[in-house]
Peer 1: 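Provided herewith is a single structure, encoded as structure tokens, for subsequent inquiry.
Proteins come first, then strands; the chains are lettered A, B, ... in the order of their sequence lines, and each starts at number 1. The basis for the numbers below is simple: all heavy atoms, side chains too, and nothing from hydrogens, waters or symmetry mates.
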Amino acid sequence: MSNSSQKKYKRTTITAALPYANGPIHIGHLAGVYIPADIYARYLRQKGEEVIYICGSDEHGVPITIKARKEGKTPQQVVDKYHDLIKKSFEEFGIAFDHYSRTSARIHHETASAFFKTLYDKGVLVEKESEQYYDEENKQFLADRYITGTCPHCGYEQAYGDQCENCGTSLSPNELINPKSVLSGNPPVKKNTRHWYLPLDHYEPMLRKWILEGHKHDWKPNVYGQCKSWIDQGLLPRAVTRDLDWGVKLPLEGFDGKVLYVWFDAPIGYISSTREWAEATGRDWEKYWKSPDTKLVHFIGKDNIVFHCIIFPTMLHTEGSYILPDNVPSNEFLNLEGNKISTSRNWAVWLHEYLKEFPGKQDVLRYVLCAAAPETKDNDFTWKDFQARNNNELLAVFGNFVNRTLVLTHKYFDGRVPAKGQITGKDAQTLEQLAQFPETIGKSLEHYRFREALSGLMNLARVGNRYLTEEEPWKLFKTDPERVQTILNVCLQVCASLAVLSEPFLPHTSGKLLKMLGMKPCKWHDGGRSNLLESGHAINKPELLFERIEEDAIQAQIEKLRVTLNNNSAGEAAKPLKETITFDDFTKLDLRTATILEAEKVPKTKKLLKLLVDTGVDKRTVVAGIAEHFNCDKLPGRKAVILANLAPRKIKGIESHGMLLMAENHDGALTFIAAEENFDNGSSIS
RNA sequence: GGCGGGGUAGCUCAGGUGGUUAGAGCGUCGGAUUCAUAACCCGAAGGUCACGGGUUCAACUCCCGUCCCCGCUACCA
């Protein structure tokens, strides 16, 4: 079913998730998105198919305006910096986009606002009024991130309108106590504003049919499952506009200060990037997006599944003239040395730094990240593994085979491809195996199985090594030089095929090898031919394709990460102090020593325990979010401190009277606070 | 808690409409070899296929339950 559908396509449009222009690219992005997409694109190109590989920087949205404010720059300056950095490092790394654009480009603003206008004119969008916080001094509505206030949960005074960074709770701006505008410092006022929504709920039947029925077997289980989960939970209308001045302006009269919500404009960036490319090269962009014989494929990370499988397709569908994606191969996440990659904690291997620290080793990283790509589950990148894969696989299997063959050719035949003579069974068998590789590897690629494809490529080098070792030409040369000619001819054909078939995976290596063999780039299915190199053809001097990566280079990287780890924990040890309070403020708190009498888990929650506590004054129920840290059986009898005069509050239907005090370190571990001596319950604390 | 994904050799992963001795690469050990960047090649050891039930002549593969990891989501007074 999925195979027959591939036949009808005449061209392929490949998109890779637009990197957000507020930071550089790291190995997680590469392994999950850009490398697989690049391999796929290069493969199709090499097959001679019509294909475009499109990407660009995603440059709108609130986080960029925040970063700009923090650094005292304009948002444009921020995105310029990262756009340039990202674009350059992609190029140097060998990600071969047909076009890399950016969403601040004029053509993108035109495309995105026209797209919105079409949906608006068609009556697709639903208009709704709502109340939002407004800064009167600056005369603008405030994004959630532009409002700070006191967290209603933990009392932290610098909580943001969308999240409290102290306790991690996600908030809505309305929950904040004493909200303040980040812009003016004044309390914001509520004001009516109008926004447009994409009514995803209306298109549930379409999505059900298209995804749940139509792509049950050709989409990856993680993607299909995630979509099913979303659809089954019930889709809600999603706002497509925001009150902000950084982004694509609404193409409607009288709505200054409104822009398209960044998630709406970003995927349209694929389209505008295609248009920009088409204008520059004199092509027709529309067939890549509107012709039913075009296969549209989005490469993304798992955080992006809902946008690319549900929201963007709904946009394309409602617009009316666009095709929908044929597949959305999404990868899971890559961890680094056992921990989640984190931009803010600097726990990452940054591409631009790698390129500096390992010059000329683009393909090593491409190889390692493809071989260890998180295709079906999260995976871990370690520098030890990086070293091992370079030394024991790329170098020992691939590089070594090529080197052996070329050295022997120079030694015995002065660098000229010797002619084949009598073909033995082994020769024929090897050439037969060789012939199958383009098909085998190609099939893996067409099913988005990049790890499998790469290991297929390595198998070809193994075939070569085995053949060469078994035939032992170095033993025969004195007695049977003609036989050696045949053997080396066969080995050279394998090398030639390696040069051809490695191109999608290891483009730099492929280029070097082609040069060494004196070959021009070839079509995919030329790989596998047994006469790619004519006899008598002169090859160049061999150079090493890969060099050994020594222990000190690896230790340097590990040390670099260790320093990061130290910096992080040093930084985190000291959380900034809260605002100064008066003694009177303090005396309002009634803190008491207490003992836990009973503990049970609150059903249907992960973190909540219902505790019965003896406060000395009374026995009361307290709900505490500590279930992940403490076992119920171990709690009865435990001494604690509670805040006894906190207003009661219902949590999951249980009235909680007071709050259990705990200390939390930067790893999120909790510990009890209690009197060291065995004091009576109800002793007051001051 | 709900939903989704995953739990298979020391490591990274394949696998199967249920059916002979569960596969690969790397690592380890042994052998062979010297053309080659101490590389290649051959061989071996290594797994109760997370755990407990059930269906079946037969389950790692199907069903039910439990546990663990990841993501989304609810919850942290």
Side-chain angles (χ1 to χ4, degrees), chain A residues 151-155 164 167-170 220-233 301-303 305-306 330 332-333 335 340 368 371-382 384-385 388-389 391-397 399-412 449 451-452 454-456 458-459 461-462 464-475 477 484 487-488 491 542 544-548 601-609 622-629 642-643 646-652 655-660 662 664 670:
Chain A
C151 173
H153 301 292
C154 69
C164 170
C167 66
T169 315
S170 38
K220 292 169 69 166
N222 58 338
V223 176
Y224 182 87
Q226 196 62 242
C227 291
K228 186 170 182 332
S229 167
W230 274 86
I231 294 171
D232 287 346
Q233 275 173 31
K302 69 173 161 182
D303 50 333
I305 291 175
V306 63
S330 157
E332 302 283 308
F333 287 150
N335 293 325
K340 235 197 247 198
V368 174
E375 275 177 13
T376 53
K377 60 182 172 195
D378 291 356
N379 206 346
D380 197 26
F381 174 94
T382 65
K384 272 291 183 195
D385 183 59
R389 286 193 190 271
N391 293 353
N392 304 330
E393 297 179 30
L394 271 182
L395 186 153
V397 178
N400 191 219
F401 170 65
V402 170
N403 191 237
R404 300 167 81 187
T405 302
L406 300 198
V407 165
L408 288 172
T409 304
H410 277 278
K411 190 165 176 180
Y412 296 146
R449 294 200 285 252
R451 278 191 316 228
E452 182 182 274
L454 183 61
S455 107
M458 293 305 284
N459 283 340
R462 287 191 180 97
N465 268 322
R466 188 172 307 125
Y467 172 80
L468 184 55
T469 302
E470 285 172 3
E471 297 307 307
E472 303 181 303
W474 48 90
K475 280 190 180 168
F477 188 65
V484 174
I487 296 167
L488 282 186
C491 288
L544 298 180
L545 288 176
F546 306 100
E547 50 187 32
R548 175 161 292 277
K601 210 162 168 211
V602 178
K604 300 196 173 188
T605 67
K606 188 152 62 175
K607 300 186 177 177
L608 298 185
L609 289 184
V622 171
V623 177
I626 58 171
E628 287 179 305
H629 301 86
I642 80 157
L643 174 57
L646 187 65
R649 159 113 183 209
K650 261 197 176 177
I651 301 163
K652 282 275 161 189
E655 185 129 317
S656 177
H657 299 266
M659 179 169 157
L660 194 64
M662 309 287 290
E664 181 178 9
L670 295 183

Peer 1: Between A:Trp230 and A:Arg466, which is nearer to the 5' end of RNA chain B once each is assigned its nearest nucleotide?
Peer 2: A:Arg466
Peer 1: Where the side chain of A:Arg462 is concerned, which of B:G5, B:C41, B:C35 is the nearest nucleotide?
Peer 2: B:C41
Peer 1: The side chain of A:Asn222 is closest to which nucleotide in this list: B:G5, B:A39, B:G6?
Peer 2: B:G5
Peer 1: Would you indicate which nucleotide in B:G71, B:A39, B:C35 comes nearest to any side-chain atom of A:Lys340?
Peer 2: B:G71
Peer 1: Would you call A:Glu332 and A:Lys302 a salt bridge, taking side-chain N to carboxylate O under 4.0 Å as the test?
Peer 2: yes
Peer 1: Does any nucleotide pair with B:U56 by Watson-Crick or G-U wobble geometry, both distances under 3.5 Å, and what is it?
Peer 2: none
Peer 1: Could you say whether A:Gly225 or A:Ala373 is positioned toward the 5' end of RNA chain B, judged by the nucleotide with the nearest heavy atom to each?
Peer 2: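 Here A:Gly225 is the residue nearer the 5' end.
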Peer 1: Could you work out which one of B:U37, B:C41, B:G5 sits closest to the side chain of A:Pro221?
Peer 2: B:G5
Peer 1: How would you label the contact of A:Arg389 with the nucleic acid (heavy atoms, under 4.0 Å): base, sugar-phosphate, or nothing?
Peer 2: sugar-phosphate
Peer 1: Does OP1 or OP2 of B:A24 have a side-chain N or O of A:Arg451 closer than 4.0 Å?
Peer 2: no
Peer 1: Write down the partner of B:G71 under the Watson-Crick or G-U wobble criteria, each distance required to be under 3.5 Å.
Peer 2: B:C3
Peer 1: Please give the nucleotide sitting opposite B:G23 as a Watson-Crick or G-U wobble pair, both distances under 3.5 Å, or none.
Peer 2: B:C13
Peer 1: Within the structure, does a side-chain N or O atom of A:Thr376 lie under 4.0 Å from either OP1 or OP2 of B:A14?
Peer 2: yes
Peer 1: If pairing requires Watson-Crick or G-U wobble contacts with both distances under 3.5 Å, which nucleotide is the partner of B:A44?
Peer 2: B:U28
Peer 1: Of the candidate nucleotides B:U33, B:C26, B:G4, which contains the atom at the shortest distance from the side chain of A:Asn392?
Peer 2: B:C26
Peer 1: Nearest to the A:Glu470 side chain among B:G7, B:G71, B:C41, which nucleotide is it?
Peer 2: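 Output: B:C41.
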Peer 1: Taking the same atom, C1', in B:G53 and in B:A44, what whole-Å distance lies between them?
Peer 2: 38 Å
Peer 1: Would you measure the distance from the P atom in B:C42 across to the matching atom in B:C26 and give it in whole Å?
Peer 2: 10 Å
Peer 1: Of all the nucleotides listed (B:A39, B:U33, B:C41), which has the minimum atom distance to the side chain of A:Ala396?
Peer 2: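 Taking heavy atoms from C-beta onward, the closest nucleotide is B:A39.
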Peer 1: Out of B:C40, B:G6, B:C3, which nucleotide sits closest to the side chain of A:Ser229?
Peer 2: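 Ranking B:C40, B:G6, B:C3 by closest atom to the A:Ser229 side chain puts B:C3 first.
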Peer 1: Less than 3.5 Å apart, any donor N or O on the side chain of A:Arg462 or A:Asn465 sitting next to an acceptor on the other?
Peer 2: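 Short answer, no.
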Peer 1: Base, sugar-phosphate, or nothing: which does A:Lys220 touch, judged by heavy atoms less than 4.0 Å apart?
Peer 2: nothing
